[in-house]
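Since the structure comes first, as structure tokens, the remarks are kept for the end.
Chain letters run A, B, ... following the sequence lines, proteins first and then strands; every chain starts at 1.
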2 protein chains.
Amino acid sequence: MDMNHTVTAKDVAKLAGVSQSSVSRVYFEGAKVSEKTRLKVLAAAKQLGYRPNEFARSLITNRTRIIGLVMKGVDNPFYPQVLTRFTAAFKALGFSVLFVHTNNEELEAEDIEILLNYNVAGVIITDATMSLNVANEFKENKIPLVFFNRKLQTDDFYSVSCNNLDAGRKVAMYLLEKGVTDMVYISGNEDTSTSRERQRGFFEVLESRQIPYTKYASNYTYEGGYQTALKAIRSGHVPAAFFVANDIMALGTVDALKQQGVKIPEETKVIGFDDIEMADWPSYQLTTWRQPVEKMIHFTTSYLMDEIAAYTGKSGKVEVDGALIERLTT
Amino acid sequence: MDMNHTVTAKDVAKLAGVSQSSVSRVYFEGAKVSEKTRLKVLAAAKQLGYRPNEFARSLITNRTRIIGLVMKGVDNPFYPQVLTRFTAAFKALGFSVLFVHTNNEELEAEDIEILLNYNVAGVIITDATMSLNVANEFKENKIPLVFFNRKLQTDDFYSVSCNNLDAGRKVAMYLLEKGVTDMVYISGNEDTSTSRERQRGFFEVLESRQIPYTKYASNYTYEGGYQTALKAIRSGHVPAAFFVANDIMALGTVDALKQQGVKIPEETKVIGFDDIEMADWPSYQLTTWRQPVEKMIHFTTSYLMDEIAAYTGKSGKVEVDGALIERLTT
DNA sequence: GTGAAATTTGCATACGTATGCAAAAAATGG
DNA sequence: CCATTTTTTGCATACGTATGCAAATTTCAC
């Protein structure tokens, strides 16, 4: 039964015959209330349909239960998955997600201004970077910040990602075991740490074994993978294997090769990165490197929760091991 | 230059040599301030790094600039697209998006309680329904609500969707023109209005022309489309065409048929629904019905903005026409 | 330059909750 | 049952901003 005006703690207090403070204490975790008044308050609250006003709360405590989640490439199916899992994880922890989308590789001040205005409890920045002075604003306001799936040049922040360097190495070794003699690496956007590191580990091994390779720069999209693969075989020479910096490009690569009549895995092999759902689809059955999403999310949320409980501003670079998922393209 | 404590309007006022009210007025749209003080205030604000506290604002105005966006099936690539476009649209309007994810077809009270606690300015519910008493809570709190891509049984709410009934009819007529003699319809979750209406329009035309058809129930997932297609041709009879209730299932259908050696479009035709990005991929080139996403988003946002400006609680069922996108599977 | 009108400003207060402090109540010990 | 400790409660105030109202300032017409 709602009145016309919003129900406040004062209303509940009056009905329950207690003070507003007591009502507040019932809803404030860790505050002391006797069982008797708690029951009285809850009964009255239920009757009136009372719900604590989060804004008034935040105004006092100077903190919210909102996590800012900044995403860039939602066209990559890897990220919707990340988004839903984060949302589920935070819901379980009693936090909500303020979603911010950006198209720029580097976040601008305006993109994240809203997060500061809302005084979010923590921020996750996915698949993008930001200028340091913008990032420092979070530090100044003691808002914990995690870069997810991006490693930074500086040591001043906390980042969680897959161990891309090691993954690149393992992929190379796996292909060498398969007897592959020359390779192509198709990179994602070159200004991303993910692509660079995967590449570095991969090339490192190839060079040590003196395996010839070619690198093509692409952009983390299906169309990019498709066109780049076409370009790579235009000369007529088909390499023995393609390592593609993410799955969505790898699917484009597979389709381009199929369209050109190149048999996979007989004539060439393709290996992707991420292990998105589509990699397991029957028409692709893409061998890929699985990102340990659950673990990455775990490290991210637990860092944020710790920092929200007691801010230290500590930095770090967490890298979680993934695993090779072998399917039918190798 | 940030102090340790958060910068308030009072600090800015002191530095600028004006009152806190004046600072407030500078940041409050539509309030009267002289150009002189505005400049003084902005200068001082910039120097101190002032940023109005959204919570204090909301506490007074009793409204926020947050839109609650409730999503269900983010595994369907149709929705990430919707999410980013909504986010972009609202950002342009000065609103932020609180993202809520649910797995249930019917939202529970707890799913949306957070939206009430945060006193969101408006709510969009995508791809899900909710019990009426939950929905009524929004009405009681005068929070505008739009069901996106779901039509309700009752007339009490506002919904925006594609004209699914008409789309079903047009698809049927298109296939008939192609000389198709018998058909299969693969439905999505049967408790969704989208699937039911597409089906109704489709069958209506077929029945009036006395074209035989079979219906298979599936679940809006790739795997569902794949398995259902296999089941449909298990008897050995391949229908002349498949109408599949969404693209992701249609892709599964295409893959299943390919895997069984059924030639598309020669031996059978497949037509999907949504026009997700993947429908245009070279290895699929799926003919499909394009949902007019931009228009749907436009109707949703403008309804919400109107209702936020002056709440009327008016209901309605907006249905926007889509269009057939002809590719290579028909 | 003067008086009236129009605009701008500051003052004071309100929004709904959390919290330190002191008073009240309950629990404990003898 | 009383004295003491512990727990619970209410009071009063603070959080940072918006806004009605009256005072102060500016604008305008003559």
Interatomic distance where CZ belongs to A:Arg63 and P belongs to C:dT17 [whole Å]: 17 Å
What's the CD-P distance between B:Glu54 and D:dT17, to the nearest Å? 10 Å
With rounding to the nearest 0.5 angstrom, report the CG to CZ distance, A:Asn117 to B:Phe55. 9.5 Å
Given 3.5 Å as the limit, does a donor-acceptor pair link the side chain of B:Asn53 with the main chain of B:Ala56, or not? yes
Tell me whether the OP1 or OP2 atom of C:dT17 has a side-chain N or O from A:Tyr50 closer than 4.0 Å. yes
Tell me: CZ of A:Arg51 to P of C:dT17, nearest whole Å? 12 Å
Any A:Arg57 side-chain N or O less than 4.0 Å from OP1/OP2 of C:dT17: no
How far does NZ of B:Lys317 sit from OG of B:Ser159, to the nearest 0.5 angstrom? 6.0 Å
Separation of atom CG in A:Asn62 from atom P in D:dG16, rounded to whole Å: 7 Å
Less than 6.0 angstrom from the centroid, inside 45 degrees of the normal: does B:Lys139 satisfy that with respect to the ring of B:Phe157? yes
Once you round it to whole Å, what is the distance between C1' of C:dG16 and CZ of A:Phe28? 15 Å
Between the CZ atom in B:Phe86 and the OG1 atom in B:Thr300, the distance rounded to the nearest 0.5 Å is 4.0 Å
Spell out, as yes or no, whether a donor-acceptor pair under 3.5 Å connects the side chain of A:Arg25 to the backbone of A:Ser34. no
Euclidean distance, atom CG of residue B:Asn117 to atom C1' of C:dT17 [Å, nearest integer]: 13 Å
Per-nucleotide protein contact string for nucleotides 6-15 of chain C (B base, S sugar-phosphate only, - none; heavy atom under 4.0 Å): --SBBBB-BB
